[in-house]
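Presented below is the structure to which this report refers.
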Amino acid sequence: MQKTAQTGPDDLIDVTHLLDDPYAGYAALRDAGPVHRVAGPDGQPAWLVTRYEDVRRGLSDPRLSLDKRHAGSGYRGFSLPPALDANLLNMDPPDHTRVRRLVAKAFTPARVEKLREPVRRLADGLLDAVAESGRTDLIASYAGPLPIVVICDLLGVPERDRPDFRSWTDALITPDPARPERTKQAVGAMLRYYTGLIAAKRAAPGDDLLSDLIMVRDGGTDRPAAGGTDGSAGPDAEADGDRLTEDELTSLAFLLLFAGYENTVHLIGNSVLALLDHPEHLTALRADPAELAKAVEEFARYDGPVALAIRRFPVEDVEIGGVRVPRGETVLLSLASANRDPHRFPDAGTLDPDRDAAGHLMFGHGIHYCLGAALARMETETALAALISRFPGLRLDVPRDGLRYRRTLRARGLISLPVAW
């Protein structure tokens, strides 16, 4: 029987306990029911979906819109200016289809594979810098710098500008309630930076993705849009009739840097910690690094960096897990909970690198499947291979219970990861 939606404030479940013990908390919620009325990350009412089949179905349901204009609550997200907000995370087809097509070919598995050797050289260089010290914070010295260098190289961001991105993304991902101005300042700084960078690329194009996207925006046809100069990287803008608005161009640069950096940092960090927590798997993968690609899928399922998918807004009343969710309300699809659902992954709370983890939802599902999934996989696999082969004695350098995670329901990532060897 379909349940009736409840909307009173007294019905909201406080889910802040998920910050401290997310997987036990999600297990209890899954057992209690597939959908729960909760206070979301911003304190506003939301419907939290916890079971694998319902989450997977919701990720590809066209009735669940990413467009905030369908939000009955007036939700505004990070309150980004239009020049940063016109991105794929807020779009439905046909705009989503048009914008994604213009950049997708820069992130195909074949194109990403060409980056593997440069990424391995980068990983080796970062490890060279800390090798003699015998200890390091792996987030600050390795998991953080590696993906920012990769995505900045891809987009053509000058090296001198890269240190700012960490502080900007921190301010957005984990806003400090005591310092709300910090988030506003970060947004303003990013907008100024991207506007200036695009102007500079427009005046002097480089051999990079952002310069190609500017070509698409401005209607140039001298080279293919969205990635590279080999004549096969992107669609012909004139033939397709596709264009980017100036806001879409700026927003796309923002999204690629923001998402291409943040999620990979934490996938690498969480994967390393999973191996340190399970030394038998670390030993096995060091002996047979060819198994790392498969293991990365299990790391992504077991403790992935994206806890909640981008919120959705039903364009009509919908039924999810037998619960009627009214049009315009907020739906939160829990990837973290779905990936630990024992009905989909037997013994889901156990790390098993030999498991067939295909079908995990860390990168999403459907038309909004993560554009940079192949890049994140390759970077994580390469980073782990370099690390575990270089430092056979790798171990935690603090008590396990001394590790701290970011205080956010949206993401799952370590603030630091002190290790020694």
Side-chain angles (χ1 to χ4, degrees), residues 80-81 83-84 86-87 102-103 106-107 111-112 114-130 139-173 185-218 220 222-230 233-234 244 246-265 268 371-372 375-376 378-379 382-383:
L80 295 172
L84 298 181
N87 64 63
L102 291 170
V103 71
F107 294 95
R111 185 167 292 277
V112 165
K114 293 180 180 179
L115 299 175
R116 186 179 293 273
E117 281 306 312
V119 171
R120 179 60 191 244
R121 289 194 296 270
L122 171 61
D124 288 339
L126 292 170
L127 295 176
D128 286 343
V130 299
I139 301 298
S141 66
Y142 190 60
L146 189 144
I148 195 66
V149 169
V150 172
I151 197 66
C152 285
D153 280 349
L154 189 65
L155 284 167
V157 175
E159 189 171 348
R160 65 180 180 274
D161 299 333
R162 298 174 185 183
D164 292 326
F165 286 105
R166 181 67 176 176
S167 60
W168 292 341
T169 54
D170 282 351
L172 280 181
I173 292 293
Q185 290 166 355
V187 169
M190 282 189 285
L191 178 56
R192 289 190 297 273
Y193 179 76
Y194 291 122
T195 302
L197 180 62
I198 288 170
K201 295 287 183 184
R202 191 169 261 136
D207 183 16
D208 55 71
L209 176 57
L210 185 54
S211 294
D212 290 343
L213 291 172
I214 292 169
M215 281 286 214
V216 174
R217 160 63 185 147
D218 295 346
D222 292 337
R223 61 180 177 177
T229 57
D230 64 357
L244 293 168
E246 193 70 15
D247 282 352
E248 287 170 348
L249 173 63
T250 311
S251 296
L252 191 52
F254 160 70
L255 177 62
L256 291 172
L257 278 167
F258 184 80
Y261 162 63
E262 189 69 21
N263 292 338
T264 309
V265 171
I268 294 171
L371 185 66
L375 183 61
M378 183 275 288
E379 290 181 72
T382 305

Within this structure, what is the [atom1]-[atom2] distance for the pair [X] and [Y], rounded to the nearest 0.5 Å?
X: Arg217; Y: Asp247; atom1: CZ; atom2: CG; value: 9.0 Å
X: Leu375; Y: Ile151; atom1: CG; atom2: CD1; value: 6.0 Å
X: Thr382; Y: Leu146; atom1: OG1; atom2: CG; value: 8.0 Å
X: Arg202; Y: Met215; atom1: CZ; atom2: CE; value: 11.5 Å
X: Phe254; Y: Leu80; atom1: CZ; atom2: CG; value: 5.0 Å

| said: For a quick check under 3.5 Å, do Asp164 and Tyr193 share a side-chain donor-acceptor pair by atom type? | reply: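 There is no such pair (donor and acceptor under 3.5 Å, judged by atom type) between the side chains of Asp164 and Tyr193.
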
Sidechain-backbone polar pair: [X] side chain, [Y] backbone, donor-acceptor under 3.5 Å:
X: Arg162; Y: Ile148; value: no
X: Ser251; Y: Ala86; value: yes
X: Tyr142; Y: Ile268; value: no

For residues [X] and [Y], report the shortest heavy-atom separation together with the two atoms involved.
X: Leu155; Y: Ala253; value: CD1-O, 4.3 Å
X: Asp161; Y: Val157; value: CB-CG1, 4.2 Å
X: Thr250; Y: Ala83; value: CB-O, 3.2 Å
X: Gly206; Y: Ser211; value: N-OG, 2.8 Å

| query | Do Asp128 and Arg121 pass the salt bridge (charged side-chain N to carboxylate O under 4.0 Å, His left out) test, and can you show the C-alpha distance, the side-chain angles, and the key distance before you say yes or no? | reply | CA-CA 10 Å; Asp128 286 343; Arg121 289 194 296 270; over 6 Å; no

Would you say [X] and [Y] make side-chain contact, with heavy atoms under 4.5 Å?
X: Leu197; Y: Pro158; result: yes
X: Tyr194; Y: Leu210; result: no
X: Leu209; Y: Leu256; result: yes
X: Asp208; Y: Lys201; result: yes

| query | In a check of side chain to side chain contact (heavy atoms under 4.5 Å, CB included) between Glu246 and each of Ile198, Ile214, Thr195, which one passes? | reply |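 Answer to the side chain to side chain contact (heavy atoms under 4.5 Å, CB included) test with Glu246 among Ile198, Ile214, Thr195: Ile198.
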
| task | Go through the steps to decide whether Val150 and Met378 satisfy the test side chain to side chain contact (heavy atoms under 4.5 Å, CB included), and finish with yes or no. | result | CA-CA 11 Å; Val150 172; Met378 183 275 288; 5.7 Å; no

| message | Pair Leu252, Glu248 - check side chain to side chain contact (heavy atoms under 4.5 Å, CB included), show working. | response | CA-CA 6 Å; Leu252 191 52; Glu248 287 170 348; over 6 Å; no

